[in-house]
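Step one of this worksheet: look at the structure below.
Order of appearance sets the numbers: ligands from 1, and atoms from 1 within every ligand.
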Amino acid sequence: MNISDKISDISFSDTRLFIGGEWEEGTGADITSIFPADGSINCVLKGASVADGERAIKRAKAAQSDPAWRNLLPHQRARYLYAIADGIEKNADRISKIQTLDTGKTLTETRALALSAAATFRYFGAVLETSDDELTAQRGEYLTYSLHEPLGLVAAITPWNSPIASDAQKVAPALAAGNAVLLKPASWTPLVSLELARIIEASGLPKGLFSVLPGAGREIGNLLVEHPDIAKVSFTGGTSTGRALAVKAAQKLMPVSLELGGKSPTIVFEDADIDLSIAGLLFGIFSSTGQSCIAGSRLFVQKSIYKEFVEKLVTATNKLVVGHPFDPATQVSTLVHPDHRQSVADYVEMARADGGLILCGGEAPTGDIYDKGAFYLPTIIAGVTNDARICREEVFGPVLVVMPFEDEADVIAMGNDNEYGLACGLWSPDFAKCWRVARAINSGTVWINTYKQFSISTPFGGEKDSGMGREKGRNGIKAYMAQKSIYQDISGKLHPWAKVHNS
Ligand code: NAD
């Protein structure tokens, strides 16, 4: 495979940021984007400083309150979302390469993410056009309307693991709702969000309504959270960052949506189809190299089939192709950054020190293409209990812990015994049993005989330390709107309390 051929059409010579509709060099600290498969530098750009952020906010405020935007009817606003969707689709190949270079994800995956981002813009355009406001039940000689209006300025703060998809999940509904959006991508992966800015600019969206401000969380992220003109922050990222941000938001009484971490249980019952469940759970934990908030990272297997199942699982895991992200045969690619690989490796060493048995993986592969990249082998750990740190904390890498369970009650208790509550996978042909367990598990999403299946029309979010609020679905757009009630008299009568005719 000639890799340089595959990327010869991509250059990162333009290092400007998109600040309130203008392409300008940032004045913040340097951001270095690397291709983690070989450590080469994609580009170095200057991130957004507080001054850049303030300029973007000022321009966003002017653009959002301009009647040219504010008075657009829903079907007129929807046209921008359709144009953005078309632009993403048209540039899917380019977006996919940029995102692979920035994150190390396989081209197969980044292409799917680009197409899902296009679908997200199209979906929210359609939701916008087909959402009705309400005339509420009449209770007197007046009419009451319940309307939804834009909040104003929305900050979208996103992580590095699936930038184009998590950007779209916030930017599409927030723009559809009539807001201006200031997007702050993670410092490790600024490039695809800047590409999204080019597509949004080409859609003709009025200048100022959209900004991309890569930069340090503590600086530009903090500005967006604390600034009085920002009406909402929609955040996806780690739980500790989300918690700190929510405290600041509370001081401003500002609404926040938080999509946070996970340590999701996957449960294989003794009556499960073994091949079906192994295929599904391998995808659930090892695709995206485990860098997925919904990764099924805690596996519970019923005792009666535990030994046979785990043997087959380890054999199948050892056959996964760990390789270069541009190679279509690759199933497990590099991690996003060498520092992140170190953090994954540290977790595995900690589990080993705690008595964990490494059934496969447990180290970085060596030789060939591996030495320069941030690769780590798919790893399965047994011999630990549900209270071990490796079972409680999010590793965010290709690391699965496996534990046996006795029965339904036992596994519900263990599944729920964790700070997180993002997702859960159940494997059994017994519908009634799956239904009972699905209802008993505290998580925002449950997959039955499938995993990591996603639909933009289905709400997504977490319970407990996995966050609050829901994205996607028809109501996803309402999360970026303020509700207003209007009362209108239809009697034409004087109010009796005022006694106007007696005076
Ligand atoms: P992170 O919390 O370190 O960073 C997320 C974003 O917040 C980045 O843009 C970062 O720059 C910014 N940030 C950091 N400090 C900030 C501050 N003080 N104020 C404002 N913004 C700040 O997370 P990460 O390492 O980029 O991403 C991995 C995490 O994201 C994992 O925990 C993963 O589970 C979570 N995640 C959750 C979902 C979900 O939908 N629930 C999806 C993807 C990723």
Side-chain angles (χ1 to χ4, degrees), residues 28-29 31 47-48 50 53 102-103 105 113 116 120 155-170 182-190 192-193 212-227 230 233-249 251-252 254 256-264 285 288-297 335-337 339-341 343-344 347 393-397 418-423 443-445 452 454 456 458-472 476 479:
I31 293 179
V50 166
D102 216 8
T103 62
K105 277 173 177 269
L113 288 172
S116 95
T120 299
I157 302 182
T158 54
W160 45 260
N161 61 322
S162 302
I164 190 75
S166 40
D167 290 359
Q169 241 163 266
K170 298 180 187 311
L182 299 109
L183 170 64
K184 196 210 90 60
S187 297
W188 278 344
T189 56
V192 83
S193 306
V212 178
L213 306 167
R218 265 163 227 225
E219 212 177 320
I220 187 73
N222 208 34
L223 170 78
L224 294 175
V225 176
E226 290 185 343
H227 198 286
I230 300 290
V233 171
S234 178
F235 172 85
T236 299
T239 297
S240 58
T241 320
R243 201 189 301 281
L245 190 152
V247 169
K248 288 183 186 146
Q251 278 156 356
K252 263 174 78 177
M254 172 181 70
V256 282
S257 301
L258 302 174
E259 300 284 354
L260 308 177
K263 192 78 193 179
S264 300
I285 176 67
S288 317
T289 321
Q291 302 164 115
S292 169
C293 55
I294 39 144
S297 51
L335 290 155
V336 70
H337 197 276
D339 292 355
H340 186 53
R341 191 212 3 219
S343 148
V344 170
Y347 263 114
E393 296 178 21
E394 187 183 40
V395 177
F396 220 59
N418 193 276
E419 285 68 25
Y420 292 109
L422 194 57
S443 70
T445 298
K452 233 175 156 181
F454 268 130
I456 185 61
T458 307
F460 176 77
E463 295 186 11
K464 305 193 282 184
D465 276 9
S466 291
M468 54 192 204
R470 292 291 178 269
E471 292 192 318
K472 305 184 176 180

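- Side-chain N or O atoms of S187 include one that pairs as donor or acceptor with a backbone N or O of G215 at under 3.5 Å.
- Between G261 and S466 the shortest heavy-atom distance is O-OG, 2.6 Å.
- Residue L422 holds its CG atom at 11.0 Å from NZ of K464, rounded to the nearest 0.5 Å.
- Listed by chain and number, the residues in a side chain to side chain contact (heavy atoms under 4.5 Å, CB included) with A479 are K232 (sequence neighbours excluded).
- Residues of the protein with a heavy atom under 4.0 Å from ligand 1 are I157, T158, P159, W160, N161, K184, P185, A186, G217, G221, N222, F235, T236, G237, G238, T241, E259, L260, G261, C293, E394, F396, L422, F460, listed by chain and number.
- Between W160 and H340, the distance separating the two ring centers is shorter than 6.0 angstrom.
- Note on E226 versus K252: no salt bridge recorded, every NZ/NE/NH1/NH2 to OD/OE distance being 4.0 Å or above.
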